[in-house]
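Here's the structure, in structure tokens; my notes come after.
Atoms considered below: every heavy atom in the structure, side chains included; atoms not considered: hydrogens, waters and symmetry mates.
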Amino acid sequence: MKKKLITTLAGFAFALCCVFLSCNKNQCEPCGSNYKTIPQEMRDWALFGEGSWWVYRLAEDTTVFDTVRFSSRSDFRSNLYTCDDYYAPSIGCSETITCHWRHSNSYYFNGVDQIVLFYPPGGGVFLYFSGSGYGGGNIFGINPIKVDEFYGNFRLIDTFSNQNFNGIKINKGFYSSTLADTSTTVKYVRDIYWGKNIGLVKVQIYPNSQTWELINYEVKQ
């Protein structure tokens, strides 16, 4: 009797799993032609390959430098086969690309920066940047770029073109600033300047007023 009951319960559980999987399959068909890849125009904003490097100088003490190098790239958050996606802020059936940059100056930075390009539910392409040692991450809409648009605590203040930063020409870029509480003692990014085909150009970190400026770089795309 006991053996029969166990067999019955096992069969019931198997049938239930089949029903669940069947329903789930019907709700989440393979992506096929609906899969959205990030176009090269958007990749040029942040996706740089092996061999890329950037040298930054601390404006408050020009004897201090930090070299940032490409560390790794991963597409594991993308999902080609179902409408699900492994990266919560992005939509299903879309490409999600992650890159990491590693710092040389361990006194100021401990770890790696993370850069993610993804499709958000509201449309467009977003850039997520989380700097090593900073408080939280920063999100920017780069397709389209909308001046005065809010992204969490950040507002895209302005765009710029054909500007020079320490002798480096930026053909196209944007400037974004946070509305975070300036009385906090936790490190956070207040202002970011970002250039297309270059990446991070300048960043201001508070509350200790650090300003890191790009002085040299080489990117591989």
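Remark: side-chain polar atoms of Ser90 are not paired, donor with acceptor, to backbone N or O of Pro120 under 3.5 angstrom. Within the 3.5 Å criterion, the main-chain N or O of Gln204 finds no donor-acceptor partner in the side chain of Asp191.
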Taking it one step at a time, do Lys202 and Leu214 satisfy side chain to side chain contact (heavy atoms under 4.5 Å, CB included)? CA-CA 6 Å; Lys202 179 179 176 180; Leu214 183 67; over 6 Å; no
Residues Thr98, Gln114; criterion side-chain hydrogen bond (donor to acceptor under 3.5 Å, both in side chains); working and verdict: CA-CA 7 Å; Thr98 305; Gln114 179 175 257; 5.4 Å; no
Begin with the C-alpha distance, continue with both residues' side-chain angles, and end with the deciding distance and a verdict on side chain to side chain contact (heavy atoms under 4.5 Å, CB included) for Tyr108 and Ile205. CA-CA 11 Å; Tyr108 287 92; Ile205 308 170; over 6 Å; no
Apply side chain to side chain contact (heavy atoms under 4.5 Å, CB included) to Val116 and Thr96, showing your working. CA-CA 7 Å; Val116 185; Thr96 303; 3.8 Å; yes
Please report the C-alpha distance between Val201 and Ile168 in whole Å, then the side-chain angles of each, then the deciding distance to 0.1 Å, and finally whether the side chain to side chain contact (heavy atoms under 4.5 Å, CB included) criterion is met. CA-CA 9 Å; Val201 175; Ile168 297 173; over 6 Å; no
List the atom pairs, donor and acceptor, that lie under 3.5 Å between side-chain atoms in residues 39-46 and the rest of the protein, sequence neighbours left out.
from: Gln40; atom 1: NE2; to: Asp44; atom 2: OD1; distance (Å): 2.7
from: Glu41; atom 1: OE1; to: Lys196; atom 2: NZ; distance (Å): 3.1
from: Glu41; atom 1: OE2; to: Lys196; atom 2: NZ; distance (Å): 2.4
from: Arg43; atom 1: NE; to: Ile38; atom 2: O; distance (Å): 2.7
from: Arg43; atom 1: NH2; to: Ile38; atom 2: O; distance (Å): 3.4
from: Arg43; atom 1: NH2; to: Glu95; atom 2: OE1; distance (Å): 2.7
from: Arg43; atom 1: NH2; to: Glu95; atom 2: OE2; distance (Å): 3.0

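For Tyr56 and Phe109, the distance between ring centers is not under 6.0 angstrom.
Side chains of Thr159 and Lys172 form no contact here, defined as non-hydrogen atoms less than 4.5 Å apart.
The one candidate from Phe174, Phe126, Tyr151, Tyr193 that meets the ring-ring contact (aromatic ring centres under 6.0 Å, His included) condition with Phe140 is Phe174. If you run ring-ring contact (aromatic ring centres under 6.0 Å, His included) between Trp54 and each of Phe70, Tyr217, Trp212, Phe48, only Phe48 comes through.
In this structure, Asp75 pairs ionically with Arg73, as a charged nitrogen and a carboxylate oxygen lie closer than 4.0 Å.
Using the six-membered ring where Trp is involved, Trp194 and Phe129 have ring planes that are perpendicular, over 60° apart on the 30 and 60° scheme.
Distance CG/Leu58 to OG1/Thr211: 7.5 Å, rounded to 0.5 Å. Atom CZ of residue Phe154 and atom CG of residue Asn138 lie 3.5 Å apart, to the nearest 0.5 angstrom. Taking CZ of Arg190 as the reference point, atom OG of Ser209 lies at 7.5 Å (rounded to 0.5 Å). Atom CD1 of Ile192 is separated from atom CG of Leu156 by 10.5 Å, given to the nearest 0.5 angstrom. Within the model, atoms CD1 of Ile91 and NZ of Lys36 stand 4.5 Å from one another, a figure rounded to the nearest 0.5 Å.
Using a 4.5 Å cut-off between side-chain heavy atoms of Ile, Leu, Val, Met, Phe, Trp and Tyr, with links allowed through other members, Val219 and Val112 fall into different hydrophobic clusters.
Listed here is the closest heavy atom pair of Ser94 and Tyr119: CB-CD1, 3.7 Å.
Val55 belongs to a hydrophobic cluster with Trp53, Phe65, Ile215, counting contacts under 4.5 Å between side-chain heavy atoms of Ile, Leu, Val, Met, Phe, Trp and Tyr, direct or through other members.
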